[in-house]
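Shown next, in C-alpha cells, is the structure this report addresses.
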Amino acid sequence: MTVGSNTPGAEESSTDETTDPRADLPGSQGEHELQAELGTADRAEAFYDTAMQHALTSQMKWFLMDRWMGFASALDGDRPVTEPCFADEGFIRILADDRIAWPAAAMVDGSGPLVGPNEERFLSLVTVDWWDTTVGLHINGSAHRRVAPPVGVSRDGPATDWYVLDIEEAYIHCAKHIPELAVDDGAPEGPEVAPSRTTYDRLVPAVEKFIGTQVVSFLGTADSEGETDLSPRIGPPGFVQVLDEHTLAWPEYRGNGIHASMGNIRERGVATLTFLDWWNTEAIVRVSGSATLHDEVAGATDLTDVDRTKKWVLMDVEEATVTTDPPLPSLSVESFDPPWGTDDEEVKKSGFFTEA
C-alpha cells in the first residue's frame, strides 16, 4: 500500500522549506512543528526544563550500574538500525558525568558495527528497568568505536572493541506503559549456535503472524541532520498492525509532548521497528521502510483509546530481517496493565532521575 499526497491526512516528510517555529528550544524542526500543531508545546517546554539533562545525574548513574540490557541505534546509510545489548550487570561503564562506554561484544544481533573505525556518529542508547521501577533512560550523543578499552576500564572475557559515547541528552522514558517482566533463564553467556539471519523485501506470513502477537517494539528514527532517536513502543498484542505484506501502521500518542520520533519521521521520512520475542521464539525481527504521518489510516484501529491517538504512522515496508537463535534471555510478562492516557505525574515518574 503506497500512500500519495491525495490520501486524507497524509503529510509531507520534509520540512526544508518552512521555518522552525521554536528554533530557540532543544529538538528538531519537525518536533517543534508537531508540538505547535498538536497543542503540546507547553508540555514539551516543561519536559525540556525539568527532565532533559545534558549529563548524568546521580540517579542516572545508579540506574546504569544495575542494567544488563540495553538497545543502541544509529544510522546505517539512510536507515536507523537498532542493536540489542546483553551482558553482565553494569556493562555500561561511566567514564565521566557526560561520557559512557560499553563493549561491542554486548551486541547480540551481529548485523555489523553501529560505528565504523575512525568514525564518529550520533548514537542513541536506551536502557529499561523491566523488573522493579519500569523506568527507561534515553541517552543520545556522539559516539566512536575504539579497539582498546577506555583508560581505567577492565573486563573479563575475550578482547572486544568498545563504544564510547559523549552525552548530549539524557532523559526518562515515561514509566506508565512499560510491562513488568520476570527473568526465566537470565542473561545468556553467549550463543550456543551462530545466529541465522534472513532478509525479505516484504512481510512474509510468518513475520505477519509474529508482529501480530508483540506488545513491545523499539522505534528507530533520525532527523534531517542524522541525529537518531530510539524509543520503546508498547501496546496490546497487535498494536502494530499489518495492513498487507508491504504495509504497517501504528498509533502515536501525546506522551511527554516532545514528539521526537514523529518529528524525525516528518523530517526524514524513514523508520525502523525492532521486535524482540523473549517469550516464545526468542527471535529478533527488524522492519524498515519509508514512513509518513496521518490523522487516520483506513483499516487500522487503535486498540487502546482512540481519544489518545495524536497521529498514525504508515510504513511502506522495504526490508524485513529475521534473526533466529540470537543469545536472548528468556523472559516472561509478569504484569502488564498500563493506565492508558493518564497524566498522573506519580504514575509517570517524570522526576525519577532529577528529583533529589
Donor-acceptor pair, [X] side chain versus [Y] backbone, under 3.5 Å?
| X | Y | answer |
| --- | --- | --- |
| Glu267 | Gln29 | yes |
| Ser124 | Thr228 | yes |
| His144 | Glu119 | no |
| Ser73 | Gly220 | no |
| Arg145 | Asp161 | no |
| Thr272 | Pro80 | yes |
| Ser290 | Val270 | no |
| Glu120 | Ser142 | no |

Can you tell me how far apart [atom1] ([X]) and [atom2] ([Y]) are? Round to the nearest 0.5 Å.
| X | Y | atom1 | atom2 | value |
| --- | --- | --- | --- | --- |
| Met60 | Ile167 | CE | CD1 | 8.5 Å |
| Arg146 | Thr160 | CZ | OG1 | 12.5 Å |
| Asn140 | Phe122 | CG | CZ | 4.5 Å |
| Thr274 | Ile284 | OG1 | CD1 | 8.5 Å |

Exercise. Any ion pair linking Glu319 and Arg79 (charged N to carboxylate O, less than 4.0 Å)?
Worked result: no
Does [X] share a hydrophobic cluster with [Y], counting links as ILVMFWY side-chain heavy atoms below 4.5 Å and allowing steps through other members?
| X | Y | result |
| --- | --- | --- |
| Met69 | Ile234 | yes |
| Leu38 | Leu219 | yes |
| Leu203 | Trp250 | yes |
| Ile172 | Phe63 | yes |
| Ile265 | Leu75 | no |

Exercise. Which of parallel (below 30°), tilted (30 to 60°) and perpendicular (above 60°) describes Tyr171 and His138?
Worked result: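 Ring orientation of Tyr171 relative to His138: parallel.
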Exercise. Taking the six-membered ring for Trp, are Phe71 and Phe86 parallel (under 30°), tilted (30 to 60°) or perpendicular (over 60°)?
Worked result: perpendicular
Exercise. Side chains of Arg233 and Ser231: is there a donor and an acceptor less than 3.5 Å apart?
Worked result: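 There is such a pair between these side chains.
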Identify all side-chain donor-acceptor contacts of residues 92-104 below 3.5 Å with residues at least two apart in sequence or on another chain.
| residue | atom | partner | partner atom | Å |
| --- | --- | --- | --- | --- |
| Arg93 | NE | Gly90 | O | 3.4 |
| Arg93 | NH1 | Ser154 | O | 3.0 |
| Arg93 | NH2 | Ser154 | O | 3.2 |
| Asp97 | OD1 | Lys61 | NZ | 2.4 |
| Arg99 | NE | Asp166 | OD1 | 2.6 |
| Arg99 | NH2 | Asp166 | OD1 | 2.9 |
| Arg99 | NH2 | Asp166 | OD2 | 3.2 |

Exercise. Step by step, would you call Met262 with Asn264 a side-chain contact (heavy atoms from CB on, under 4.5 Å)?
Worked result: CA-CA 5 Å; Met262 286 198 292; Asn264 289 348; over 6 Å; no
Any side-chain heavy atom of [X] sitting closer than 4.5 Å to one from [Y]?
| X | Y | result |
| --- | --- | --- |
| Leu293 | Val313 | yes |
| Val216 | Trp130 | yes |
| Leu243 | Val297 | yes |
| Ile139 | Leu56 | yes |
| Leu248 | Val242 | yes |
| Arg197 | Thr321 | yes |
| Thr213 | Pro237 | no |
| Arg155 | Trp162 | yes |

For this session: Give the C-alpha distance, both sets of side-chain angles, the deciding distance and a yes or no for side-chain contact (heavy atoms from CB on, under 4.5 Å) between Arg67 and Asp129.
Result: CA-CA 7 Å; Arg67 305 279 71 77; Asp129 176 10; 3.6 Å; yes
Might you point out which heavy atoms bring [X] and [Y] nearest each other, and give the distance in Å?
| X | Y | answer |
| --- | --- | --- |
| Tyr163 | Leu114 | OH-N, 3.0 Å |
| Arg121 | Val115 | CB-CG2, 4.1 Å |
| Tyr48 | Gln35 | OH-NE2, 3.1 Å |
| Leu34 | Gly263 | CD1-N, 3.5 Å |
| Ser261 | Thr221 | CA-OG1, 3.7 Å |
| Trp312 | Ala300 | CZ3-CB, 3.6 Å |

For this session: Begin from the C-alpha positions of Arg268 and Asp223 and carry the test salt bridge (Lys or Arg N to Asp or Glu O under 4.0 Å) through to its verdict.
Result: CA-CA 6 Å; Arg268 200 175 190 93; Asp223 65 16; 5.5 Å; no
For this session: Show your reasoning for whether side-chain contact (heavy atoms from CB on, under 4.5 Å) applies to Tyr200 and Glu245.
Result: CA-CA 11 Å; Tyr200 306 94; Glu245 65 178 3; over 6 Å; no
Seminar exercise, completed: Checking Glu252, Glu37, Glu296 against Lys311 for salt bridge (charged side-chain N to carboxylate O under 4.0 Å, His left out), the one that qualifies is Glu37
